[in-house]
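Below you'll find the structure, written out as structure tokens, and then a few comments.
Sequence lines set the chain letters: A, B, ... in the order given, protein chains first and strands last, and positions in each chain run from 1. These numbers come from a predicted model, not from an experiment.
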Amino acid sequence: MKLLTSSSTRVWIGLAVLAVLLLGVAPALLSDFRLGLLGKYLCFAIVAVGIGLAWGRGGMLTLGQGVFFGLGGYVMAMHMKLDDAGPSGVPDFLQLYGSGQVPGWWEPFRSGVVTLLAIPLVPAVLAVVLGLATFKRKVRGAYFAILSQALAAAFAILLIGNQATTGGTNGLNGFRSFFGYDLSDPANRQMVYFLIAIVLLVMMALTWQLMTSRYGELLVACRDSEERVRFLGYDPANVKTVAYVIAAVMAGIAGALFTVIVGIISPADVGIVPSIGMLIGVAIGGRTTLFGPVLGTIAVAWLETSLSESFPSFWVYFQGALFMLVVAFLPGGLASLGGGLTGLRDRLAGRHRSGPPDPGGPVAADAPGVSDAAMVKGPA
Amino acid sequence: METLISQVFAGLSVGSILLLIALGLVLTFGQMGVINMAQGEFIMAGAYTAYVMQFVFTNPGVSLLISLPVAFALAGLLGVVLEATLLRRMYDRPLDTLLVTWGVALILQQVARDVFGAPNVDVPAPSFLSGSVSFFGVALPLSRLFILALSLAAVIGLTLVLVRTSLGRRIRATVQNRPLAETSGISTRSTDRMTFFLGSGLAGIAGVALSQVGSIGPTLGTNYVIDAFLVVVVGGIGQIKGAVIAAFALGLLRAGFEYETSASIAKVLVFVAIVIFLQVRPQGIVNVRTRSLA
């Protein structure tokens with residue numbers, strides 16, 4: 001258990017370093033515009049933490065995170081739209097496209113409390129229903145991936161098709177205030193950035209707690225052999241649903257924060273293409289690790305901004321090549337390079353670190369002695 | 001009565017397109033377990049083949065008929081290249097094949113955008129497909145009937161290949177028990193390649209068919225490929241019979257929902273119907289008894 005403690009210590013130190021970077025260094029060095037961009041990347045990083053849990057640890061390739069991202073985002077957007085509406089109480093675009101009436105299902109989001117509750121709960125409810133419906137019936141692997149992808153397609157089409165109440169392709173945008181704070185004020189926008197950074201750090205800390213808990217080991221066990229877990233008396237469907245719901249909640253919260261800092265949520269952020277796009281950073285960084293998805297996602301988002309501005313066509317080729325090469329040849333992501341290097345160094349030094357398997361859980365999740373990065377082998 | 005006929009025909013028409021696209025996936029996804037997201041781009045390649053052919057052969061009818069084998073060969077070769085370079089090393093990681101082929105799909109889409117431009121293009125219909133026939137007072141477009149016939153021909157052709165030819169026997173043997181097939185002297189490597197050629201080639205034919213129902217654009221395939229995967233999921237793993245039933249069932253269901261509500265709601269309702277259906281039959285319409293625990 002000593003080794004587990006040491007890897008745990010390393011993670012907490014890493015989180016502290018990340019906190020200093022995000023909360024201290026970045027605001028001091030970056031212009032308001034760049035800080036806003038970083039805030040946007042951090043929103044994707046929050047989604048990535050959830051994907052890392054569901055996909056890397058749980059083996060559920062969820063291609064529909066855009067749906068949960070969008071649900072959180074649209075809930076937030078509806079609230080801000082209603083808040084901005086002024087005395088008439090009817091947001092501008094509703095008068096433009098529709099009857100000039102606020103649809104009934106918008107009304108609850110006039111309340112800030114309902115909105116804050118709905119941001120995690122709406123994605124959670126959908127994830128519970130879909131998770132239980134599929135996992136209980138042992139629909140998994142490729143079938144689950146395709147269903148989650150079909151959900152993303154259907155959701156985007158639903159949003160586009162109901163222009164009068166959802167803003168259609170344009171989505172919802174042009175927000176002026178966030179819970180009474182004027183969004184045109186740079187100081188307030190900086191506060192939103194801090195909020196996002198803190199949410200990310202909290203999510204990472206909670207996820208690490210979860211990963212190292214008994215539940216976390218059960219989740220890895222489900223990924224590696226569902227039958228074994230079932231024979232041990234657990235229901236893998238419940239274990240997997242929990243991880244799927246947590247990932248959905250994270251995506252929902254990230255979507256809400258994204259809407260605030262970017263100022264728009266539209267079907268272009270929730271459909272199939274963005275949903276799969278959310279995976280690439282996770283795959284590159286290392287899907288089974290805590291830091292890999294976050295750092296990978298920030299790196300990819302930053303690359304996308306800087307490359308696609310000047311070479312839009314090149315970026316698509318680049319992204320496609322990344323998907324191909326990383327997944328085919330480096331399934332553990334860049335994090336596995338680190339683990340590989342550690343292993344190589346150890347072998348050169350003649351130190352074969354081997355220890356007894358972790359007795360704490362039903363399946364030993366960690367190869368002792370290797371960093372959190374190389375802890376779990378990629379799903380078969 | 002007329003409404004019913006036109007709705008049923010609309011459903012059959014959607015179903016036949018789904019079937020044509022799903023048929024290739026029955027082989028590559030259902031039988032080999034590879035989730036090829038680039039199948040959509042093979043469809044697109046087939047559609048652009050029809051587009052290019054119309055410049056080579058001025059007669060639209062001739063160019064359409066020549067496009068079919070050319071698109072089959074082109075998409076099939078793309079599939080073989082994909083299999084030989086990337087997928088062969090990933091047969092034990094089916095979920096990862098999805099992401100790898102998604103990368104391929106992104107690249108192929110961008111190639112199409114750079115070569116043919118982002119705006120959609122059209123392929124003119126040949127004279128023998130431009131009219132419609134009247135059936136109990138309902139006008140049935142010939143182009144839709146052509147696709148219906150094409151998809152049925154593809155089903156019959158694929159079934160014959162799988163059941164009657166030695167290639168088909170090798171494919172079935174490899175799918176059922178790879179090591180045993182290998183020890184019986186079957187080259188599973190070349191069998192895999194031929195399976196992929198057939199499966200991808202069918203996508204090319206689907207692309208030519210799609211060129212007759214609407215415009216062609218770089219994202220043409222993406223719009224259809226997920227529906228096609230759903231057909232295979234609902235139909236049952238690797239089952240041609242299941243895919244036929246599922247494609248027409250989903251097509252009729254969507255046409256019905258679209259008539260009652262709107263296209264976007266219909267899409268969601270079809271999805272809900274699929275999830276409910278999987279509660280009853282998680283293995284799909286046609287399932288084969290296996291000894292696997294799941």
Is the side chain of B/Arg93 donor-acceptor paired with the backbone N or O of A/Val327 at a distance under 3.5 Å, no angle test? yes

Which bit of B/Val34 is near chain A, if near means a heavy-atom gap under 4.5 Å: side chain, backbone, both or neither? neither

So do A/Ser313 and B/Gln110 actually touch side chain to side chain, heavy atoms under 4.5 Å? yes

Could you tell me which non-hydrogen atom of B/Val268 sits nearest to which non-hydrogen atom of A/Ala154, and how far apart they are? CG2-O, 3.8 Å

Please look at A/Leu151 and chain B and tell me whether the side chain, the backbone, both or neither of the residue comes under 4.5 angstrom of a heavy atom of that chain. both

Sort A/Leu159 into side chain, backbone, both or neither according to what part of it lies under 4.5 angstrom from a heavy atom of chain B. neither

Is the backbone N or O of B/Pro282 less than 3.5 Å from a side-chain atom of A/Arg137, with the two atoms forming a donor-acceptor pair by type? no

Using a 4.5 Å heavy-atom cutoff, which residues in residues 253-264 of chain B come close to chain A? B/Ser264

Which heavy atom of B/Asp96 sits nearest to which heavy atom of A/Pro331, and what is that distance? OD2-CB, 4.2 Å

Heavy-atom pairs under 4.5 Å with chain B are the metric here; pick the option from A/Val273, A/Thr134, A/Leu279 that has the most. A/Val273

Look up atom CD1 in A/Ile272 and atom CE in B/Met37, then write down how far apart they are to the nearest 0.5 Å. 6.5 Å

At a 4.5 Å cut-off on heavy atoms, which part of B/Leu86 comes close to chain A: side chain, backbone, both, or neither? side chain

Reported CH2-to-CD1 distance for the pair B/Trp102 and A/Ile276, which is rounded to 0.5 angstrom: 4.0 Å

Are A/Tyr143 and B/Phe29 an aromatic pair by the rule of ring centers under 6.0 Å? yes

Heavy-atom contacts under 4.5 Å, residues 317-326 of chain A to chain B: A/Tyr317, A/Gln319, A/Gly320, A/Ala321, A/Phe323, A/Met324

Side chains of B/Leu99 and A/Ile280, heavy atoms from C-beta outward: is any pair under 4.5 Å? no

Hey, does B/Val275 have a side-chain heavy atom less than 4.5 Å from the side chain of A/Leu130? yes

Taking everything shown except B/Arg88 itself, do over 12 heavy atoms lie less than 6.0 Å from its CZ? no

dist B/Gln279:CD -> A/Lys136:NZ (nearest 0.5 Å) comes out at 11.0 Å

Output the option from B/Val100, B/Asp227, B/Ile274 having the highest count of non-hydrogen pairs under 4.5 Å with chain A. B/Val100

Is any side-chain heavy atom of B/Leu230 closer than 4.5 Å to a side-chain heavy atom of A/Leu147? yes

Under 4.5 Å from any heavy atom of chain A, what part of B/Ile265 do you find: side chain, backbone, both or neither? both

Considering residues, nucleotides and ligands other than B/Tyr91, do more than 12 of their heavy atoms fall under 6.0 Å from its OH? yes

Region of B/Val111 in contact with chain A, defined by heavy-atom distances below 4.5 Å: both

Decide yes or no for B/Arg89 and A/Phe329: does some side-chain heavy atom of the first lie under 4.5 Å from some side-chain heavy atom of the second? yes

Check each atom of A/Ala145 against the heavy atoms of chain B and say whether the ones under 4.5 Å are side chain, backbone, both or neither. side chain

Checking B/Val232 against A/Ile146 for the side chain to side chain contact (heavy atoms under 4.5 Å, CB included) test, could you report, in this order, the C-alpha distance in whole Å, the side-chain angles of both residues, the deciding distance, and whether it holds? CA-CA 10 Å; B/Val232 181; A/Ile146 288 162; over 6 Å; no

